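First up is the structure itself, then whatever we jot down about it.
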Amino acid sequence: HVQLVESGGGSVQPGGSLRLSCVASQFKVSHYCMGWFRQTPGKEREEVASRNSLGKIVVTDSVKGRFTLSVADAEDALYLHMDSLQPEDTAMYYCAARFGYSVCTGPIGIELYNLWGRGTQVTVS
């Protein structure tokens, strides 16, 4: 069963840290374009950070220097380390993959991701 499952969300005070995990079943995360996205009620889902199959990582300006994306391929896991969290970081965070395209030279647009986790909530207050 091919799927992505996020975990690690929770409630923290401003300035706090969290590490989000995304565990993939039945495929290696390093072989595909992978990304972290977030969404708040009434707003469109936005990309936070992404990694292509060559290892290139892109982090959006609003979280650059605070958030770090990493991969543990042996464990089929994608991580998002979040430091210095602020209230504006509050959102549902999703993990996504462009599954089935083993050569992915992104970054790619959100519309090309075809496999999504259910999300994990991050609340900063």
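Every value quoted in this text rests on a predicted model; they were computed, and no experiment measured them.
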Pairs meeting criterion disulfide (SG to SG under 2.5 Å) with involvement of residues 59-102, two or more places apart: Cys22-Cys95

Gap separating the CG atom of Leu20 from the CH2 atom of Trp36, nearest 0.5 angstrom: 5.0 Å

Beyond-backbone contact of Asp89 with Met82, side-chain heavy atoms, under 4.5 angstrom: no

Centroid separation Phe37 to Trp116 less than 6.0 Å: yes

Between OG on residue Ser70 and CG on residue Leu80, distance to nearest 0.5 Å: 8.5 Å

Any side-chain heavy-atom pair of Ser7 and Thr120 under 4.5 Å: no

Side chains of Phe67 and Leu85 in contact at under 4.5 Å (non-hydrogen atoms): yes

Chi angles and distances behind the side chain to side chain contact (heavy atoms under 4.5 Å, CB included) call for Ile108, Arg98: CA-CA 9 Å; Ile108 59 175; Arg98 195 191 187 202; 3.7 Å; yes

Evaluation steps, side chain to side chain contact (heavy atoms under 4.5 Å, CB included), between Thr90 and Gln121: CA-CA 8 Å; Thr90 296; Gln121 178 68 38; 4.0 Å; yes

Heavy atoms from other residues, nucleotides or ligands near NZ of Lys56 exceed 12 (cutoff 6.0 Å): no

Spacing of OG belonging to Ser50 relative to CD1 belonging to Ile57, to within rounding of 0.5 Å: 8.5 Å

Audit row: Glu47, Ile110, side chain to side chain contact (heavy atoms under 4.5 Å, CB included) steps and yes/no: CA-CA 7 Å; Glu47 182 176 314; Ile110 188 172; 5.8 Å; no

hydrophobic_cluster_shared for Leu54 and Val58, side chain cutoff 4.5 Å: no

Sequence neighbours excluded - disulfide (SG to SG under 2.5 Å) pairs with any residue from residues 40-88: none

Closest heavy-atom pair and its distance - Gly8, Leu18: O-CD2, 3.8 Å

Interatomic distance, Arg19 atom CZ to Tyr79 atom OH [nearest 0.5 angstrom]: 5.0 Å

Name of the residue among Leu115, Asn52, Leu4 meeting side-chain contact (heavy atoms from CB on, under 4.5 Å) with Met34: Leu4

For Tyr32, the option from Tyr113, Tyr101, Phe27 that meets ring pair (Phe, Tyr, Trp, His ring centres under 6.0 Å): Phe27

Any side-chain heavy-atom pair of Leu69 and Val59 under 4.5 Å: no

Residue pair Ser25 / His1, side-chain heavy-atom distance below 4.5 Å: no

Gln86 CD to Gln13 CD distance, which is reported to the nearest 0.5 Å: 12.0 Å

Salt-bridge criterion met for Glu46 and Arg38 (N-O under 4.0 Å): yes

Ser11 side chain reached by Ser125 side chain, heavy atoms, under 4.5 Å: no

Trace of the side chain to side chain contact (heavy atoms under 4.5 Å, CB included) decision for Arg51 with Ser30: CA-CA 8 Å; Arg51 179 188 185 278; Ser30 65; 3.9 Å; yes

Distance (rounded to the nearest 0.5 Å) between Leu112 CG and Cys104 SG: 8.0 Å

